[in-house]
Amino acid sequence: MAACSMNRLVGFLFVAISLLHCTSAQTTHIVGDASGWAVPPAGPTFYSSWASRQTFRVNDTLVFNFASMMHDVATVTRTAYDACDASSPIGPVPTTGPVTVTLTTQGLQYYFCSVQGHCAAGQKLSINVVGATVSPPTRTPTLPPPTRTPTLSPPPSIAMPPSSSATPPITSMSPPPAAGGPPSNSAPGVVVRGFSVTIFSVALALLL
Ligand SMILES: *[C@@H]1O[C@H](CO)[C@@H](O)[C@H](O)[C@H]1NC(C)=O
Ligand SMILES: [Cu+2]
């Protein structure tokens, strides 16, 4: 009995963790990729070209990489964006890079650098934020169109991350075999992973 409960618990955890993993599929968009946030040497179409290769979804984040005080990130209206008018930004204009912006609402969003001349030289970004990640297609043939509220959405919140936000990903690597010794043909990571999968499979099988 106790063992059965334990297996059910493990199975439940497995399913729960899977669901958790699926719902946390936000994307981090590094604005301008390696070029970062700057007056684009490639010309004024650089950021629109970059944006056209991305899909921005609600809860995704933008990361503007720039040297502090050299640039800033102003969130602006369409009108201000078109005119590079920095007189009335929406919300704060952070000047300490990197700046992380969480996309909280759907629709068009406009940003530029308010340092004199930078927007006019192309340091401006407009994006279209679409809904959350679409779940796998369901087989129901008649789905009603999604209802949308036509209200004006508030600007996205701007969060300044701590300076230690750029921690490198932890990579698991097995150490190389000792020099001169026989090559080891055991891969601990693979073995452990296979073992875990087996455990989960057994747990699932017992659960179902
Ligand atoms: C965005 O994240 C918030 C908080 O985690 C969550 O409540 C909301 O459902 C998410 N929205 C979408 C569209 O994923
Ligand atoms: Cu600038």
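Counting convention: from 1, in listed order, for ligands and their atoms alike. Here, residue 1 is the first one in the sequence, and each next residue gets the next number.
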**Prompt:** Is there an N/O/S atom in C119 at a distance below 2.8 Å from the Cu ion (ligand 2)?
**Reply:** no
**Item:** Heteroatom N/O/S of Q123 within less than 2.8 Å of the Cu ion (ligand 2)
**Value:** yes
**Prompt:** Taking the six-membered ring of Y47, is the NZ or CZ of K124 close enough (under 6.0 Å from the centre) and on axis enough (within 45°)?
**Reply:** no
**T28 and T61 side chains, donor-acceptor separation under 3.5 Å** = yes
**Request:** Decide, based on the SG atoms alone, whether C119 and C84 are under 2.5 Å apart.
**Result:** yes
**Fill in**
Taking the Cu ion (ligand 2) as the apex, H71 ND1 and C113 SG span an angle, rounded to 10°, of 130°
**Item:** For the Cu ion (ligand 2), the closest N/O/S atom belonging to H118
**Value:** ND1
**Item:** Validation row: T79, D85 side chains within 4.5 angstrom (heavy atoms)
**Value:** no
